[in-house]
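Every chain is numbered from 1, with letters handed out A, B, ... down the list of sequences.
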Amino acid sequence: MTTTMIFAGSGGQGIQFSGKQIAKSGMYAGYQVTFLPSYGPEMRGGTSNCTVVISDEEIGSPSVVSPDIAVVMNKPSFEKFAPRVQAGGKLFLDSTLIDLTTDREDISVIPVPATTLAEENGLNGFSNVILMGKIIKETGLFKYEDFVEYLVASIPPAKAALIEKNTKALELGYNYTV
Amino acid sequence: MAKKVLMKGNEAIAEAAISVGCIHFFGYPITPQTEVAEYLAKRLPKVGGLCLQAESEVAAINMTLGAAAAGTRVMTSSSSPGISLKSEGISYIAGSDLPCLIVNVQRGGPGLGGIQPSQADYYQATRGVGHGDLRLIVLAPSSVQEMASLTAQALDLADIYRMPAMLLADGALGQMMEPVDFSAFPKRDVPEKTWATVGHNNARPHNIVNSLYIDPQVLEDSVKARYQRYAEVEKNEVQYEEFMTDDADIVLVAFGITARICKSAVTAARAAGIKAGLLRPITLWPFPKDAISAAADHAKALMSVEMSMGQMVDDVRLAVNGKKPVYFYGRTGGMIPSVEEVTKEICSLANAL
């Protein structure tokens, strides 16, 4: 079983962090994983994306054209990746920032007003983690408790103050229903 | 779970180098390999080493020459245009019989080209990395784990054969993250560097490191002696991996990141009833010509797949020596071929055979 994912949004939204965290969690859970970031000028703003592959077999290409799952956090990324999601796949989006719709009926579209939820709960800057919560819930890639453990484990001691906000944001996304 | 860490390929090169005692680095930043120097700049001062950002690639390669002459384990790292700048120094290092590691995390070319992954420096690495009769040992990793393990190997091989070794990677391998295990690099016996130009209180005659021989006979003799060592490398150090080649009608030949894509394509082609296989050179020099020649005995055709306009395909044809047709498929300029397009190439070749 191989799951391919693309995370895309604006530089600074934590796109790379989300992808890296999911990849790291896959490694902790005993899967083969690859994480391939876009690199270059996007590091300094503009669009940013990364590709994650999680598999129980050896992974061939780390680069993916049509992912099983796309997570988009701005309009250009929605426009670019909504058409590319595999039939039967899932499209997660921050519906605070993206008011676009797709006419595709062969994929599940999962809108989460992540930016609004973050602002309302004193979690500015954690909208990516809120989305991650929803991804864990909807994909069943990881057990929730395991994922919390992996998330906490990857926060360095110097940033221990961020543990609470991360876990709170994750829980918020995990429990979010329309 | 504890042993593996998720790391960028560039960081894995750096950590592996430190772990086998290569604690001197000279370089100049260039995308997509800058994390090598970034990582070493943080780590080397803590382990008693030196990471120096030179004023240019030309300076960095000549500092590498100097450190190698002093008998230290040393490396430099760059990406395609930067390697071109280093080529004079690399020739001097080869001509001086000095061991070192040169890392090329390739990007698209020619010229300033682009910053996305490429394999179009194959000719440069295996043919024309500097003037004169010379060879580099060229290793081509295809995973982040191999970015680490082949870095360690390259440093050993350079020391054993007293010659420069190159790790030929690409931007995708440099930037991507995968789990890496640093616990088990096989160690080789490495000879003592009795030729190093270090202080000795006049206890022995001076050692001289030099690549200038005015007398042509002396120069010819020195080149011939070096080529005897090259022959040893060709005899002893060829490495490759075979995947489903035993009964394959179509054998793909691919290295680095492209080999992974080809592996997935071979699996897809097999699922469609086509007997495909993959031969992946791990050493590009010495090239696994005997293995490719053997594959050509039972396959109906071979296809070299590369991120270039077709460079390694020349070596595949030389190895096959006309026994079977050799085809080529490639993307260039920073484009990575997709599994789907390579699978399609295999299918249309199968139909044509």
Asks: How long is the gap from CD on B/Glu340 to OG on A/Ser61, to the nearest 0.5 Å?
Replies: 8.5 Å
Asks: To the nearest 0.5 Å, how far apart are NZ in B/Lys263 and CD1 in A/Ile59?
Replies: 12.0 Å
Asks: Can you measure from CZ (B/Arg260) to CD (A/Glu58) and round to the nearest 0.5 angstrom?
Replies: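 Rounded to the nearest 0.5 Å, the CZ-CD separation comes out at 7.5 Å.
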Asks: Under the 3.5 angstrom rule, does the side chain of A/Tyr39 hit a backbone N or O of B/Thr31 as a donor-acceptor pair?
Replies: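 No; zero donor-acceptor contacts below 3.5 Å.
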Asks: For B/Tyr28, I'd like to know if atom OH has over 12 heavy atoms of other residues, nucleotides or ligands within 6.0 Å.
Replies: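 No, because the 6.0 Å sphere around OH of B/Tyr28 holds 12 heavy atoms or fewer from other groups.
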Asks: Would you say that A/Pro62 contacts B/Ile257 through its side chain, given a criterion of any heavy-atom pair below 4.5 Å between the two side chains?
Replies: yes
Asks: Using 0.5 Å steps for rounding, measure from the CD atom of B/Glu178 to the CZ atom of A/Phe35.
Replies: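 Nearest 0.5 Å value for the CD-CZ distance: 12.0 Å.
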Asks: Look up atom CE in A/Met27 and atom NZ in B/Lys4, then write down how far apart they are to the nearest 0.5 Å.
Replies: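 NZ of B/Lys4 is found 9.0 Å from CE of A/Met27.
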Asks: To the nearest 0.5 Å, how far apart are CE in B/Met176 and SG in A/Cys50?
Replies: 12.5 Å
Asks: Let me know if A/Val65 has heavy atoms under 4.5 Å from chain B in its side chain, its backbone, both or neither.
Replies: side chain
Asks: So which part of A/Glu57 gets closer than 4.5 Å to some heavy atom of chain B, the side chain, the backbone, both or neither?
Replies: neither
Asks: Does CZ belonging to A/Phe142 count more than 12 external heavy atoms closer than 6.0 Å?
Replies: yes
Asks: Report, as yes or no, whether the 6.0 Å neighbourhood of atom NZ on B/Lys344 holds more than 12 heavy atoms from other residues, nucleotides or ligands.
Replies: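 Counting other residues, nucleotides and ligands, NZ of B/Lys344 stays at 12 neighbours or fewer.
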Asks: Looking at B/Ser142, B/Gly171, B/Ser338, which makes the most heavy-atom pairs under 4.5 Å with chain A?
Replies: B/Gly171
Asks: Side chain from CB out, backbone as N, CA, C, O: work out which of these in A/Thr34 comes under 4.5 Å of a heavy atom of chain B, or both, or neither.
Replies: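 Both parts, backbone and side chain.
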Asks: Counting neighbours of OH on B/Tyr240 that are heavy atoms of other residues, nucleotides or ligands and sit closer than 6.0 Å, is the number greater than 12?
Replies: no
